[in-house]
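Heads up: the structure comes next, in structure tokens.
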There are 2 protein chains.
Amino acid sequence: MGDRRNKYGVSPDMQACPVETTLDVIGGKWKGIILYQLLNGTRRFNEFRRLNPGITQFMLTLQLRELERDGIIHREIYKEVPPRVEYSLTDFGRTLEPVIMSMKVWGESYKMRLNENPTIQEEES
Amino acid sequence: MGDRRNKYGVSPDMQACPVETTLDVIGGKWKGIILYQLLNGTRRFNEFRRLNPGITQFMLTLQLRELERDGIIHREIYKEVPPRVEYSLTDFGRTLEPVIMSMKVWGESYKMRLNENPTIQEEES
DNA sequence: CAGAATCCTCTGAGATACTG
DNA sequence: CAGTATCTCAGAGGATTCTG
């Protein structure tokens, strides 16, 4: 899967815009919701599947691995039978909390706005 | 281009996660940086091109139109020769400012973290 | 200057089947 | 339970050319 660190073939510190950097890390199709659910605590693999019926095992694994690679989440493997794996935010991942929360708040206001007036797509600036 | 309001074939208010909703609106490849640049004021079409050499005319137009459709930006056309079009945030678009800014701050800390220790991809939670 | 129209290329994402 | 391993494909993203 794409090493999103190399969009321009340069190291990420050469990328001009930090907003883009953040989007690159949390912008995956399911990463927003995964992170949001992790704010409430540790989750297991099948717990994510139950919470998000739309996501396939494959994609879930992929998104989790990318978040792990980026240092956002931690993957704890318990050597048991049956196997158990728990996902949690790293300390660094926790620093995303204000970002996620502001996105949550805004998303809610956006949906409210759509419901209030579904036809309006633009307003005067 | 995808009507991202219909990921599940349902109206957006049926989508469970507001974080995803926000990502759907601002998660386009160039939307983060476009919005960030608009925080500083009105921009013209070729101004965006100069600021972001990597983006093609086509993609720029597309991203701007989607943001306009979603009520985030306003497109003011001046009937002149040569033509002039100015883009600005709508009032509603301005409500994205805290989101963008928190993403900017986080993106900077992420890049700093990479520079400090490029090999570390994970830390203990 | 600010686009519109075409055509093309990847890759993010999904379906399905199998396994330690 | 928590994953791999393949295969497939739509569609986001891009290059190029043309125009009011």
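Residue numbering restarts at 1 for every chain, and letters A, B, ... go by the order of the sequence lines.
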* Does a salt bridge link Arg65(B) with Glu68(B), judged by any charged N lying under 4.0 Å from a carboxylate O? -> yes
* Nearest whole angstrom, please: distance from the C1' of dA12(D) to the CG of Leu67(B). => 15 Å
* NZ of Lys79(B) versus P of dG20(D): gap in Å, rounded? -> 13 Å
* To do: Output yes when Glu86(B) and Arg84(B) qualify as a salt bridge under the 4.0 Å nitrogen-oxygen rule, no when they do not.
  => yes
* Using 4.0 Å as the upper bound for N to carboxylate O, is an ion pair formed by Lys31(A) and Glu66(A)? -> yes
* To do: Produce a footprint string for nucleotides 1-8 of chain D: one letter per nucleotide, 5' end first; B if the base is under 4.0 Å from any protein heavy atom, S if only the sugar-phosphate is, - if neither.
  => BSBBBB--
* To do: Would you mind reading off the distance between Ile55(B) atom CD1 and dG3(C) atom C1', rounded to a whole angstrom?
  => 13 Å
* Within residues 93-102 of chain B or reaching into it, pairs that qualify as salt bridge (charged side-chain N to carboxylate O under 4.0 Å, His left out) - sequence neighbours excluded -> Arg94(B)-Glu97(B)
* To do: Establish whether Ile55(B) and Phe58(B) are linked, either directly or via other cluster members, by ILVMFWY side-chain heavy-atom contacts under 4.5 Å.
  => yes
* Asked: Taking only N and O in the side chain of Gln63(B), is any of them less than 4.0 Å away from OP1 or OP2 of dG13(D)?
  -> yes
* For Met59(A) and dA10(D), what is the distance between atoms CE and P respectively, to the nearest whole Å? -> 17 Å
* Asked: Rounded to the nearest Å, what distance is computed from the CG atom of residue Leu62(A) to the P atom of nucleotide dG14(C)?
  -> 10 Å
* Structure fact -> From CD of Glu20(B) across to C1' of dG12(C) the rounded distance in Å is 15 Å
* Minimum side-chain heavy-atom gap Trp106(B)-Pro98(A) below 4.5 Å -> no
* Can you tell me how far C1' of dC1(C) sits from CD of Glu76(B), to the nearest Å? -> 16 Å
* In whole angstroms, how far is the P atom of dA4(C) from the CG atom of Leu60(B)? -> 11 Å
